[in-house]
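For the numbers below, each heavy atom of this structure counts, side chains included, while hydrogens, waters and symmetry mates do not.
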There are 2 protein chains.
Amino acid sequence: MLVRNAADASSRHHSLRELGLNTSSNPIISLNEFTYKKGIEIYGEKEPAEYVYQVKSGAVRSYKLLSDGRRQIGAFHLVGDIFGLENGSEHRFTTEAIVDTTVRLVKRQSLELVAEGDAMVARNLLSMTANNLQHAEDHMLLLGRKTSLERVAAFLLEMDTRLTAAGILALPMSRRDIADYLGLTLETVSRALSRLQDLGILGFIGNTQRQIMLLDRHQLAALDDLQN
Amino acid sequence: MLVRNAADASSRHHSLRELGLNTSSNPIISLNEFTYKKGIEIYGEKEPAEYVYQVKSGAVRSYKLLSDGRRQIGAFHLVGDIFGLENGSEHRFTTEAIVDTTVRLVKRQSLELVAEGDAMVARNLLSMTANNLQHAEDHMLLLGRKTSLERVAAFLLEMDTRLTAAGILALPMSRRDIADYLGLTLETVSRALSRLQDLGILGFIGNTQRQIMLLDRHQLAALDDLQN
DNA sequence: CGAGCGCTTGATTTATATCAATGCCAGTGG
DNA sequence: CCACTGGCATTGATATAAATCAAGCGCTCG
């Protein structure tokens, strides 16, 4: 069964306005913008969480590292997504711009101040955290129990609901990023994509596989079967 | 470096009182108790989330299933732990008693009602959800990138901080449960435990390996090295 | 226009899963 | 109270999915 309704897709796409913030009515909140070049770190794990961010354009990865360099990407943040929202005082991931990226940022402290007095903002804070939790819970199932093909299929479906413009998927992240998100190696991801292509579940634009793929209704349904 | 301070350990052990609830001052809140026999389901995935639970005695597993029966346990709930708290209206895991278990339960609705008026309760709700999120984030790293030995070492350390009484670990869950929590098979878990025993990092009580193990200061430090 | 990076594809290795046998303890019923 | 049974755990042998090692291709960009 293919689940792809608008409510599902939008539930993770809060805007700062959805958070209950509004520049004009809340003069405390300063909405600054900043641009990061491709590959540049936005903040590091364990740094004090001074700001909350919203992707205005571009894409961001957040990840944890083990001492020997093994990397686990916990989430990709696409246009409209809010990230860097922590309950504690420290960031729990490192984040980097995947491509040139512009973010809006809000001082964490001023956000907390507003939440203190405004129950709606407080509720939206909780709802955002709960959405992040749900994503992490689903991802645990993927990482713990799914095969490589199922993981890649699930990834494509997730990206499709989050950044598709009319059946065309233009992925901003590299094979290595995808692999580190799915708990695989880049070779395994590449092989899985080739296999999906052979199966006719996926089509690439241009004469080489570079980032852009097509997904029609039937292919999406086939992916949905595969991802379990 | 061995991190094992009281703050860390207690941060995930909220009591309902910590949530800001108090039977005497909040007559709305009804604190009922219920006992489940070993292996019995408490609630199922996608069931309406009517209650929030706290483990009074025993232990609980929450898990998701794939269509073919593969299981991923997302968390174990031990004495004092609160579980079943959802932001949406449905449960996202199935939960079962691992051993005979008594829980206290609170109607979700009454909890929300209280949170509406009491900022402290609302803040604690957010803080609990954020703690669950942090646990899930750490677990994604484990599931995506750690070796079997690292996973088992991390598991033992987690359980040690959560249910140790003076260096003695009495695990309520089976090898299969541990495996499904760590994204491994039960044989691999068993082999990892045997290996740790051979390495002198772990000692079992009794003449057979059954549930109870000893962990002294040095062994904990060795585990901490291993888990990465 | 050349260099290098990212990607694909092939060959081989390896960690973990799977299959299989056996042992041990706990609970049950005779 | 003891013998039986079944579940859980360990351990060994083998299979396999994915990782690793390796080569080559084609964009992209400097």
Side-chain angles (χ1 to χ4, degrees), chain A residues 37-39 61 66 68-72 98-100 142-153 155 170-199 202-213 226 228, chain B residues 37-39 61 66 68-72 98-100 142-153 155 169-198 202-213 226 228:
Chain A
K37 284 237 182 295
K38 174 178 176 169
R61 56 181 170 245
L66 293 176
D68 60 357
R70 280 172 286 171
R71 183 177 70 158
Q72 179 63 43
I98 294 175
V99 294
D100 292 0
L142 178 148
L143 293 171
R145 288 297 178 223
K146 290 190 180 176
T147 66
S148 60
L149 204 65
E150 289 167 344
R151 294 180 201 209
V152 171
F155 170 74
L171 298 176
M173 69 289 284
S174 69
R175 295 291 183 263
R176 172 168 294 282
D177 285 340
I178 299 172
D180 285 350
Y181 180 59
L182 299 178
L184 301 169
T185 59
L186 63 95
E187 291 95 331
T188 299
V189 170
S190 182
R191 280 185 243 272
L193 287 172
S194 298
R195 197 128 95 75
L196 291 174
Q197 196 177 15
D198 291 348
L199 291 169
L202 200 136
F204 288 93
I205 287 185
N207 57 1
T208 186
Q209 302 186 5
R210 189 146 317 237
Q211 317 296 42
I212 298 171
M213 38 194 95
L226 279 180
N228 232 300
Chain B
K37 284 238 181 295
K38 174 176 176 170
R61 57 181 169 246
L66 293 176
D68 61 357
R70 280 172 285 170
R71 184 178 69 157
Q72 179 62 43
I98 294 175
V99 294
D100 292 0
L142 178 148
L143 292 171
R145 288 298 178 222
K146 290 190 180 177
T147 66
S148 60
L149 204 64
E150 289 167 344
R151 292 180 202 210
V152 171
F155 170 74
L169 245 191
L171 299 176
M173 68 289 285
S174 69
R175 296 291 184 263
R176 172 168 294 282
D177 286 340
I178 299 172
D180 286 349
Y181 180 59
L182 299 179
L184 300 169
T185 60
L186 64 96
E187 292 95 331
T188 299
V189 171
S190 184
R191 280 184 243 272
L193 288 171
S194 298
R195 196 128 95 76
L196 291 174
Q197 196 178 15
D198 292 347
L202 200 137
F204 288 93
I205 288 184
N207 57 359
T208 185
Q209 302 186 4
R210 187 143 322 234
Q211 317 297 43
I212 298 171
M213 38 192 94
L226 278 179
N228 231 302

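Applying the salt bridge (Lys or Arg N to Asp or Glu O under 4.0 Å) criterion to B/Arg151, with sequence neighbours excluded, gives no partner residue. Remark: A/Arg176 pairs with A/Arg71, A/Ser174, A/Asp180, A/Leu186 by the side-chain contact (heavy atoms from CB on, under 4.5 Å) rule, at least two apart or across chains. The salt bridge (Lys or Arg N to Asp or Glu O under 4.0 Å) test applied to A/Arg70 returns A/Asp68, B/Glu150, not counting sequence neighbours. The salt bridge (Lys or Arg N to Asp or Glu O under 4.0 Å) test applied to A/Asp198 returns no partner, not counting sequence neighbours. Residues passing the side chain to side chain donor-acceptor pair (under 3.5 Å) test with B/Ser148, sequence neighbours excluded: none.
For the pair A/Arg195 CZ and C/dC7 P, the interatomic distance rounds to 20 Å; values are reported in whole Å. The distance between atom CG of A/Leu171 and atom C1' of C/dG6, rounded to the nearest whole Å, is 14 Å. What separates CG of A/Leu142 from P of D/dA18 is a distance of 12 Å, to the nearest Å. When rounded to the nearest whole Å, the span between CG of A/Leu149 and C1' of D/dA17 equals 12 Å. Rounded to whole Å, atom P of D/dT11 lies 8 Å from atom CG of B/Asp198. Between A/Arg175 atom CZ and D/dG26 atom P the separation is 16 Å, expressed in whole Å. Between the CG atom of B/Asp100 and the C1' atom of C/dA26 there is a distance of 14 Å, given to the nearest Å. For the pair A/Arg70 CZ and D/dA18 P, the interatomic distance rounds to 18 Å; values are reported in whole Å.
Scanning atom types as modelled, one donor and one acceptor separated by under 3.5 angstrom connect the side chain of B/Arg191 and the base of D/dG12. One cannot find a donor-acceptor pair under 3.5 Å joining the base of C/dT16 and the side-chain atoms of A/Arg145. Not a single donor-acceptor pair, N or O on each side, falls under 3.5 Å between the base of D/dG7 and the side chain of B/Arg176.
Neither OP1 nor OP2 of D/dA9 sits under 4.0 Å from any side-chain N or O of B/Ser190.
Positionally, the nearest nucleotide of DNA chain C for A/Lys38 lies more toward the 5' end than for the other of A/Lys38 and A/Thr188.
Near DNA chain D, defined here as any heavy-atom distance below 4.0 Å, the residues from residues 177-187 of chain A are A/Gly183, A/Leu184, A/Thr185, A/Glu187, listed numerically.
Side chain of B/Asp100 to backbone of B/Lys38: a donor-acceptor contact under 3.5 angstrom is found. Although no hydrogens or angles enter the test, the distance criterion places a donor-acceptor pair under 3.5 Å between the side chain of A/Arg145 and the main chain of B/Leu184.
The listed nucleotides are D/dA9, C/dT16, D/dT11; the one nearest the side chain of B/Ser174 is D/dA9. When the nucleotides C/dT16, D/dA9, D/dA18 are ranked by their closest atom to the side chain of A/Thr147, D/dA18 comes out on top.
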